[in-house]
Amino acid sequence: PARIEVPLEPKPEVLPEPQLIPPSFENLLSGSGRPDADREQDAGRKPAEVIAFLGIEPGMTVIDLLTANGYYTEVLSLRVGDEGKVYAHNTAFMLTFMDGANDKAMSKRLEGGRLANVERLDRELSDLGLAEGSIDVAMTAMNFHDFYYNGGSEAVQGILAAVMATLKPGGVLGIIDHVGVAGVDNSKLHRIDPEIVRQEVQKAGFELGGESDMLANSEDGHDSSVFGELRGRTDRLLIRLVKPSEQTQAD
């Protein structure tokens, strides 16, 4: 009888396990001459893990929206490297309140060309002045609640539209904020219900790219001000949002 050749199934390709937090980046964070005040916040902010979750890579162009004194700006600067670029954004209000503390802090952080790949962007959120589709990743930490309580959904949608325009198709927006729950005055506590964030970003056309509990704190009862005993250790949401591709938008 004729011999029947049975094709062999190809061996599955063995891929290396992903290195979510490159050791070289952790080394940069620990040995780059970062300010002591920044290092003291690392345990609560987990910068290496956050950057990995948002998918920020060397060579990218990123923006730190309402960076305040620039904690995440410096982290981003180290991550994107010499071939990348970081916009350190602040509004006039952020630069002038508390006797200009944030303006002074940013000037000191950048003096002498210390972070050469960082450019200050002192503009209002509705007028960022950046080319459309020029940003790989945008992020904002502990600010979304202010967007919402200061201007409501309409203001939030305006801000998200401005950010969306700057992002490349498939670009990422990362949001970190203090978790709030129903039944308390979240505005007074400077917190926000994560469901409000989800509703607003999806209304603006972003796709949910993932959520992480890496910044969660089960000891937070969600009924106290973020400036109280839990300052720096609040339960925080971390959401990764994606600007749809051009094809998806066309559909």
Side-chain angles (χ1 to χ4, degrees), residues 14-90 102 105-106 108-121 130 134-144 163 166-168 170-177 208-217 232-243:
V14 179
L15 300 175
E17 292 187 8
Q19 180 64 57
L20 296 180
I21 308 171
S24 58
F25 182 48
E26 287 196 312
N27 292 339
L28 279 176
L29 289 176
S30 62
S32 64
R34 293 169 65 225
D36 290 340
D38 284 11
R39 296 174 187 275
E40 291 169 3
Q41 297 179 63
D42 286 353
R45 292 197 173 203
K46 301 182 179 179
E49 292 89 337
V50 168
I51 296 306
F53 177 74
L54 296 179
I56 298 171
E57 301 285 350
M60 283 186 170
T61 299
V62 300
I63 183 170
D64 185 9
L65 294 162
L66 290 178
T67 183
N69 65 17
Y71 171 90
Y72 274 116
T73 286
E74 181 146 347
V75 171
L76 292 168
S77 171
L78 293 171
R79 181 57 179 149
V80 303
D82 294 340
E83 301 300 316
K85 186 177 184 65
V86 181
Y87 291 101
H89 168 263
N90 273 311
N102 289 325
M106 283 303 301
K108 182 176 181 181
R109 192 180 289 276
L110 301 179
E111 67 182 355
R114 181 172 164 271
L115 302 177
N117 59 358
V118 173
E119 178 180 331
R120 281 184 63 156
L121 189 66
L130 298 174
S134 62
I135 301 295
D136 293 294
V137 180
M139 70 174 295
T140 189
M142 279 75 80
N143 296 308
F144 197 93
V163 174
T166 70
L167 289 173
K168 299 175 181 179
V172 168
L173 168 62
I175 296 176
I176 301 170
D177 215 334
L208 185 61
E211 298 189 33
S212 173
D213 62 358
M214 70 174 66
L215 301 179
N217 182 1
R233 299 183 295 109
T234 54
D235 186 23
R236 298 173 188 175
L237 60 90
L238 172 57
I239 301 179
R240 183 178 68 242
L241 305 157
V242 180
K243 177 177 179 175

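For the pair Lys108 and Glu111, the tightest heavy-atom approach, listed with the atom from each and the gap, is O-CG, 3.2 Å. When all heavy atoms are compared, the tightest approach of Met106 to Ala68 is CG-O, 3.4 Å. Closest of all the heavy-atom pairs between Arg34 and Asp38 is NH2-CB, 3.7 Å. Nearest heavy-atom pair across Thr73 and Ala88 is OG1-CB, 3.5 Å. Considering all non-hydrogen atoms of both residues, Val163 and Leu65 come closest at CG2-CD1, 3.7 Å. Shortest non-hydrogen contact noted between Ile239 and Phe53 is C-CE2, 4.3 Å.
For Asn27 (side chain) and Phe25 (main-chain N/O), no donor-acceptor pair under 3.5 Å exists by modelled atom type. At distances below 3.5 Å, not a single donor-acceptor pair connects side-chain atoms of Arg236 with backbone N or O atoms of Leu215. A side-chain donor-acceptor contact under 3.5 Å links Asp235 to the backbone of Asn217. One N or O on the side chain of His89 and one on the backbone of Leu66 form a donor-acceptor pair closer than 3.5 Å.
Lys85 meets the side-chain contact (heavy atoms from CB on, under 4.5 Å) test with Thr61, Tyr87, Glu119; sequence neighbours excluded. Residues forming a side-chain hydrogen bond (donor to acceptor under 3.5 Å, both in side chains) with Ser77 (at least two apart in sequence, or on another chain): Asn117.
Among Arg45, Arg109, Arg39, the single residue meeting the salt bridge (charged side-chain N to carboxylate O under 4.0 Å, His left out) criterion with Glu74 is Arg109. Checked against Leu238 for a side chain to side chain contact (heavy atoms under 4.5 Å, CB included), the options Lys46, Met139, Met214 give a single hit: Met214. The side chain to side chain contact (heavy atoms under 4.5 Å, CB included) with Leu167 is formed by just one residue from the set Ile135, Asp136, Val172, Val242; it is Ile135.
In this structure, the separation between OG1 on Thr140 and CD1 on Ile176 is 8.5 Å, given to the nearest 0.5 Å. Expressed to the nearest 0.5 Å, how far CZ of Arg79 lies from CD of Glu57 amounts to 5.0 Å. Here Met142 contributes atom CE and Leu237 contributes atom CG; the two are 10.0 Å apart, rounded to the nearest 0.5 Å. Expressed to the nearest 0.5 Å, how far CZ of Phe144 lies from CG of Asp177 amounts to 8.0 Å. If you take OH on Tyr71 and CG on Asp42, they are separated by 3.5 Å, rounding to the nearest 0.5 Å.
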Review point. Can Leu121 and Leu130 be said to form a side-chain contact (heavy atoms from CB on, under 4.5 Å), step by step?
Key: CA-CA 9 Å; Leu121 189 66; Leu130 298 174; 4.0 Å; yes
Check your understanding: Between Leu115 and Val86, is a side-chain contact (heavy atoms from CB on, under 4.5 Å) present by the stated rule, with each step listed?
Key -> CA-CA 9 Å; Leu115 302 177; Val86 181; over 6 Å; no
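Looking only at side-chain heavy atoms (C-beta outward), Leu241 and Leu208 come within less than 4.5 Å of each other.
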